[in-house]
Amino acid sequence: MTTATMSTSDLPLPRIGRGKVRDIYAVGDDRVLLLTTDRISAFDVVMAETIPMKGAVLTQISAWWFNQLGGVVPHHMISADADDIIEQVPELAGHRAALAGRAMLCRRTMVFPVECVVRGYLSGSAWKEYAASGTLAGEKLPDGLQESERLEPAIFSPATKAETGHDENITIAQMREVLGEETAYVLESMSRAVYTQGEEIAREQGIIIADTKFEFGRDLDGRIILIDEVMTPDSSRFWAADAYKPGQPQPSFDKQPLRDYLDSERRAGRWNGEAPPPPLPAEVTEATSKRYLEAYRRLTGEELVVT
Ligand SMILES: Nc1ncnc2c1ncn2[C@@H]1O[C@H](COP(=O)(O)OP(=O)(O)O)[C@@H](O)[C@H]1O
Ligand SMILES: [Mg+2]
């Protein structure tokens with residue numbers, strides 16, 4: 001069964017945030033409800049149309065990872081099951097359809113203002129910097145690396161969480177200044193541990209997680225825990241392992257149908273690359289939805305069922 005697609009939510013809880021993709025609600029003072037909509041952005045522009053099932057795919061991929069990695073790091077997930085959430089938050093009783101698949105009840109934290117990026121393959125802005133100057137985030141890398149080549153060990157490259165616009169890369173020294181030495185060390189270690197395990201698990205399932213971004217927070221007990229979404233196609237680069245060819249850019253596992261369409265609109269002079277985006281034909285939103293569902297299927301080995 002599929003649920004209706006959703007672009008914004010309206011739940012009877014105090015809404016404390018609205019990101020590009022997620023609506024965030026407070027549940028008492030110790031929990032948050034993250035509601036992932038079907039909104040999608042590409043080239044930093046949010047599309048007017050939604051991608052059916054995308055919110056459920058992102059939420060359930062994160063939930064699957066939290067279950068896989070519970071032994072590696074402490075994390076924020078309490079539940080991603082609609083009935084279970086309603087049992088714990090009775091105010092949501094009349095809103096089951098809005099929660100199904102896409103809601104996650106989490107421990108609330110004070111979010112550290114640093115995005116913890118781990119790169120296991122040389123791609124995107126990292127490849128651009130390396131090609132231009134042989135460095136990544138200012139640090140020298142070995143000579144002769146190819147585009148999309150595997151980096152061993154993976155590289156930790158933190159960025160600031162920008163309220164608006166682009167995140168900005170910072171050095172590890174700057175990260176220590178912002179968070180303190182000990183916290184910076186814990187965040188880097190946890191990021192590496194989660195990525196290393198996750199990358200290996202995903203690769204065995206046919207998906208290369210080329211790079212990813214983690215967020216951490218401090219819970220009410222003072223513990224540092226993994227929060228937000230984890231190793232989803234939105235927070236990471238997913239590539240098809242069977243089509244991987246270093247020495248060139250790799251197609252995005254999930255967003256390629258959308259990117260190809262936007263590129264063709266740009267080449268045709270119908271879009272200037274900025275908001276507002278061009279309208280998307282149904283073939284494009286459907287093809288993209290299928291790719292997200294396929295990402296879930298490959299990674300977990302199961303069909304995503306939302307009831
Ligand atoms: N456990 C948590 N406690 C508090 N805030 C959280 C928690 N998990 C995630 N968040 C915050 O919720 C927001 C998620 O919304 P999202 O749409 O992903 O925002 P963005 O556009 O900034 O990526 C992020 O700002 C993230 O820091
Ligand atoms: Mg986010």
Side-chain angles (χ1 to χ4, degrees), residues 2 40-43 51-69 72 117-128 130-131 136 141-142 144-155 157 191-214 229-264 280 283-306:
T2 58
I40 190 166
S41 65
F43 305 118
I51 304 300
M53 298 298 283
K54 175 174 179 274
V57 167
L58 295 181
T59 300
Q60 298 307 320
I61 285 181
S62 289
W64 186 81
W65 279 125
F66 284 128
N67 287 327
Q68 298 287 311
L69 300 166
V72 182
V117 179
V118 186
R119 301 175 185 278
Y121 296 77
L122 189 54
S123 175
S125 63
W127 164 248
K128 280 204 189 102
Y130 176 77
L136 176 50
L141 289 188
L145 295 177
Q146 290 184 292
E147 182 168 16
S148 306
E149 190 165 333
R150 186 155 182 209
L151 298 165
E152 281 194 277
I155 290 174
S157 65
S191 299
R192 288 182 176 284
V194 174
Y195 177 75
T196 302
Q197 286 242 6
E199 195 275 335
E200 189 180 328
I201 293 172
R203 190 156 28 85
E204 280 163 9
Q205 303 287 85
I207 289 185
I208 291 176
I209 301 180
D211 50 38
T212 195
K213 184 247 348 175
F214 299 112
E229 60 180 331
V230 173
M231 291 184 286
T232 72
D234 273 20
S235 66
S236 327
R237 276 197 175 80
F238 274 31
W239 297 338
D242 50 12
Y244 172 61
K245 269 206 213 95
Q248 58 188 62
Q250 313 298 304
S252 153
F253 193 88
D254 40 288
K255 281 189 186 170
Q256 208 57 44
L258 174 59
R259 292 214 181 124
D260 290 346
Y261 180 74
L262 292 173
D263 277 334
S264 70
L280 304 179
E283 301 93 80
V284 173
T285 55
E286 279 159 24
T288 308
S289 175
K290 283 203 180 115
R291 298 301 287 167
Y292 274 88
L293 286 164
E294 175 62 17
Y296 180 90
R297 186 182 306 122
R298 278 219 193 174
L299 191 59
T300 66
E302 300 199 3
E303 206 69 47
L304 177 60
V305 183
V306 173

Task: Where Gly301 and Gln205 come nearest, the two heavy atoms and their spacing - done: N-NE2, 4.0 Å

Open item on the list: So which atom in Arg291 and which in Pro257 form the shortest heavy-atom distance, rounded to 0.1 Å?
Closed with: CG-CG, 3.8 Å

- [ ] Determine yes or no for a side-chain-to-main-chain donor-acceptor pair under 3.5 angstrom, with Tyr296 supplying the side chain and Ala56 the backbone.
- [x] no

Open item on the list: Please enumerate all residues that pass side chain to side chain contact (heavy atoms under 4.5 Å, CB included) together with Arg298, with sequence neighbours excluded.
Closed with: Ile207, Ala240, Asp242, Phe253, Glu294

Task: Evaluation steps, side-chain contact (heavy atoms from CB on, under 4.5 Å), between Asp254 and Thr288 - done: CA-CA 6 Å; Asp254 40 288; Thr288 308; 6.0 Å; no

Task: Least distance between heavy atoms, Gly198 atom then Ile209 atom - done: O-CD1, 4.4 Å

Open item on the list: Could you measure the distance from the CG atom of Leu280 to the CD1 atom of Ile40? Nearest 0.5 Å is fine.
Closed with: 8.5 Å

Open item on the list: Measuring from atom NZ of Lys290 to atom OG1 of Thr285, what distance do you get when rounded to the nearest 0.5 angstrom?
Closed with: 10.5 Å

Task: Backbone of Ser41 reached by a side-chain donor or acceptor of Lys255 within 3.5 Å - done: yes

TODO: Please tell me if the side chains of Ile61 and Pro233 come closer than 4.5 Å, counting only heavy atoms from C-beta onward.
DONE: yes

- [ ] Could you check if a side-chain atom of Tyr292 sits within less than 4.5 angstrom of a side-chain atom of Leu304, using non-hydrogen atoms only?
- [x] no

TODO: Without swapping roles, check the side chain of Trp65 against the backbone of Met231 for a donor-acceptor pair under 3.5 Å.
DONE: yes

Task: Nearest heavy atoms of Ala210 and Tyr195, plus distance in Å - done: O-OH, 3.4 Å

Open item on the list: Classify the ring geometry of Tyr121 against Trp239: parallel below 30°, tilted from 30° to 60°, perpendicular beyond 60°.
Closed with: perpendicular

Open item on the list: Once rounded to the nearest 0.5 Å, what's the spacing between atom CG of Leu262 and atom CZ of Phe43?
Closed with: 6.0 Å

Open item on the list: Please evaluate residues Glu229 and Ser235 with respect to the criterion side-chain hydrogen bond (donor to acceptor under 3.5 Å, both in side chains), reporting the C-alpha separation (whole Å), side-chain torsions for both, the decisive distance (0.1 Å), and the verdict.
Closed with: CA-CA 7 Å; Glu229 60 180 331; Ser235 66; 4.6 Å; no

Task: Any side-chain heavy-atom pair of Lys54 and Asp234 under 4.5 Å - done: yes

Task: Distance, nearest 0.5 Å, that separates CH2 of Trp64 from CG of Leu69 - done: 8.0 Å

TODO: Enter the distance from Gln250:CD to Glu147:CD here, rounded to the nearest 0.5 Å.
DONE: 7.5 Å

TODO: Determine whether Val194 and Val118 make a side-chain contact, defined as any pair of heavy atoms from C-beta on separated by less than 4.5 Å.
DONE: no

Open item on the list: Strictly by salt bridge (charged side-chain N to carboxylate O under 4.0 Å, His left out), give each pair with a member in residues 192-210 just once, sequence neighbours left out.
Closed with: Arg150-Glu199, Glu188-Arg192, Glu199-Arg203

- [ ] Spell out, as yes or no, whether a donor-acceptor pair under 3.5 Å connects the side chain of Thr232 to the backbone of Ser62.
- [x] no

Open item on the list: With rounding to the nearest 0.5 angstrom, report the NZ to OG distance, Lys245 to Ser148.
Closed with: 11.0 Å

Open item on the list: For Gly144 versus Glu149, what's the shortest heavy-atom pair and its separation?
Closed with: O-OE1, 4.3 Å

TODO: Identify the two heavy atoms, one from Ala295 and one from Phe238, that lie closest to each other, and give their separation to 0.1 Å.
DONE: CB-CD2, 4.2 Å

Open item on the list: Main chain of Tyr261, side chain of Ser264: is a donor-acceptor contact present, judged purely on distance under 3.5 Å?
Closed with: yes

Task: Counterpart residues, side chain to side chain contact (heavy atoms under 4.5 Å, CB included), relative to Glu286 (two or more places apart) - done: Ala282

Task: Expected output: side-chain Gln256 to main-chain Ser252 donor-acceptor under 3.5 Å - done: yes

